[in-house]
Amino acid sequence: MKHTVHAGHTVVPQCSTLPLYSMSDSNTTDFTNPSTFILMGIPGLEAAHVWISIPFCAMYAIAILGNFTVLFIVKMEPSLHQRMYYFLCMLAVTDLVLSTSILPRMLSIFWFNSREIYFSACLTQLYFLHCFSVMESGIFVAMAFDRYLAICHPLRHSTILTHPMVAKIGLTVVLRSAIFILPYPFLLRQWPYCRTNIIPQPYCMHIAVANLACADIRVSSYYDLFVQFCVIGLDVIFIFISYTLLLRAIFCLPREDTWLKTFGTCGSHLCATLAFYTPGLLFSLTYWFHQNVPLHFHVHITNMYLLMTPMLNPIIYGVRTKQIRSRLLRLFTHKGT
């Protein structure tokens, strides 16, 4: 019987020489729920992990500071207690949870070579990762709907998007994400794992863990496609329709300066939406056509998809939203004086 020793001193039986279950009556080894997985970080770039951690650490610090600043400013400024800024606060909380579910674990791999992760902890991480990614997509849909009403139907905006309605939309986004992602950990728990326990990424993701199973995982693959196309895909369609109607309404306005002013009110949301979905599209393309893509490049695209948005959102909204920018400048000016 041969064994392969991997990083973290975990012994992994080779599938070619060891069957899934030992046929001995006295000792039956069950790999259905392995105790630990090994996170490899960025494969092929292990020697540069310390240097790679520097930009990731900076991204995490900016994401934490920026999103907490947005929450603080909206809370402290009564004039910002409006529908758009409530959605912005939901987005900030989502970004904080999403980045915190990934970055600390990544940095522990880069700095301390702490690669082992318990199976239950891996399932918990991937649940939060996918759940809050879907939640962020839903919030972008709600923000697009808010901008559509504000520009195309300004007189009905306040009557349709009341504060109770905003709360119901937020609750719907949360419940939708939690329910659609809930099958992920349950599906992964039922598969037997005999090939290896090494995940070639710095964090756990649904399809990365499912690929380690030595069983027919078509159910997991099909459900993952369903979530991508029928949940995220529908969100993209709704956002596209909202902005198509919105742009048509803008170009029907009589004066060009009114175009610019009106378009500026939704420019920050459009930038944040593109920053979220563009890396997601690249991630999907590199996953389905990964045969010709280096593994470390695939991991970098995934990092962009999951980590860039929590950092960019507070910067985009802080720079492009006049109310937040002016309130932040007043805060620092007041402290300086």
Side-chain angles (χ1 to χ4, degrees), residues 39-46 48-71 88 90-112 114-115 117 121-122 124-140 177 181 199-209 228 232 235 268 271-287 290 293-319:
L39 299 172
M40 290 303 295
I42 302 179
L45 299 176
E46 289 85 356
H49 272 177
V50 174
W51 297 105
I52 295 174
S53 69
I54 296 175
F56 284 121
C57 185
M59 290 166 59
Y60 185 49
I62 294 172
I64 294 295
L65 180 62
N67 285 293
F68 269 119
T69 301
V70 169
L71 291 172
L88 183 56
M90 296 179 196
L91 187 65
V93 172
T94 302
D95 285 336
L96 286 170
V97 178
L98 182 60
S99 58
T100 303
S101 67
I102 301 172
L103 261 302
R105 194 69 186 82
M106 281 183 62
L107 295 177
S108 70
I109 296 172
F110 293 156
W111 290 345
F112 310 112
S114 177
R115 301 173 184 268
I117 183 170
C122 182
T124 302
Q125 184 187 49
L126 69 87
Y127 178 78
F128 275 91
L129 187 155
H130 290 290
C131 180
F132 280 86
S133 295
V134 174
M135 197 179 301
E136 183 148 347
S137 180
I139 294 172
F140 279 127
S177 306
I181 301 302
I199 300 175
Q201 292 183 169
Y203 35 76
C204 295
M205 295 187 72
H206 170 248
I207 204 65
V209 177
Q228 294 297 322
I232 305 295
D235 289 350
S268 56
C271 292
T273 303
L274 292 175
F276 178 75
Y277 287 108
T278 302
L281 176 62
L282 294 176
F283 167 73
S284 299
L285 292 175
T286 56
Y287 174 75
H290 67 280
V293 178
L295 185 56
H296 64 84
F297 181 79
H298 176 76
V299 174
H300 280 309
I301 292 295
T302 310
N303 292 337
M304 286 179 56
Y305 172 58
L306 295 172
L307 305 177
M308 288 292 289
T309 305
M311 178 193 71
L312 290 178
N313 281 342
I315 296 176
I316 292 173
Y317 285 104
V319 170

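Residue numbers start at 1 and run along the sequence shown. Because the structure is a prediction, the values reported are computed rather than measured. Keep in mind that the numbers below use all heavy atoms, side chains included, and drop hydrogens, waters and symmetry copies.
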Show the numbers, then the answer: is there a side chain to side chain contact (heavy atoms under 4.5 Å, CB included) between Leu91 and Phe140?
-> CA-CA 8 Å; Leu91 187 65; Phe140 279 127; 4.1 Å; yes
With sequence neighbours left out, what residues match Cys122 under disulfide (SG to SG under 2.5 Å)?
->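 For Cys122, the residues satisfying disulfide (SG to SG under 2.5 Å) (neighbours in sequence not counted) are Cys204.
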Does [X] use its side chain to pair, donor to acceptor, with the backbone of [Y] at less than 3.5 Å?
| X | Y | answer |
| --- | --- | --- |
| Thr278 | Ala275 | no |
| Glu46 | Gly44 | yes |
| Thr100 | Val97 | no |
| His130 | His206 | yes |

Gap separating the [atom1] atom of [X] from the [atom2] atom of [Y], nearest 0.5 angstrom:
| X | Y | atom1 | atom2 | result |
| --- | --- | --- | --- | --- |
| Leu129 | Leu306 | CG | CG | 5.0 Å |
| Thr273 | Asn313 | OG1 | CG | 8.5 Å |
| Leu98 | Cys131 | CG | SG | 10.0 Å |
| Tyr127 | Ser101 | OH | OG | 12.5 Å |
| Leu307 | Phe56 | CG | CZ | 6.0 Å |
| Leu71 | Leu96 | CG | CG | 6.0 Å |

How about [X] and [Y]: do any of their side-chain heavy atoms sit closer than 4.5 Å?
| X | Y | result |
| --- | --- | --- |
| Tyr277 | Ile232 | yes |
| Tyr60 | Pro310 | no |
| Ser177 | Phe132 | no |

Show which side-chain atoms of residues 48-55 pair as donor or acceptor with protein atoms under 3.5 Å away, not counting sequence neighbours.
unit_1 : atom_1 : unit_2 : atom_2 : d
His49  : NE2    : Ile42  : N      : 3.1
Ser53  : OG     : Val50  : O      : 2.5
Ser53  : OG     : Trp111 : NE1    : 2.8

List the steps and the verdict of side chain to side chain contact (heavy atoms under 4.5 Å, CB included) for Ser108 and Arg105.
-> CA-CA 5 Å; Ser108 70; Arg105 194 69 186 82; 2.8 Å; yes
Decide side-chain hydrogen bond (donor to acceptor under 3.5 Å, both in side chains) for Asn303 and Tyr203; before the verdict, give the C-alpha distance in whole Å, the side-chain angles of both, and the deciding distance to 0.1 Å.
-> CA-CA 10 Å; Asn303 292 337; Tyr203 35 76; 2.6 Å; yes
Looking at every heavy atom in both [X] and [Y], which two are closest together, and how far apart are they?
| X | Y | result |
| --- | --- | --- |
| Ser99 | Ile64 | OG-CD1, 4.5 Å |
| Pro202 | Ile109 | O-CD1, 3.5 Å |
| Val299 | Pro200 | CG2-O, 3.6 Å |
| Met59 | Met308 | CE-SD, 3.8 Å |

Are Val70 and Tyr317 close enough, and set up right, to give a side chain to side chain contact (heavy atoms under 4.5 Å, CB included), and what steps lead you there?
-> CA-CA 9 Å; Val70 169; Tyr317 285 104; 5.5 Å; no
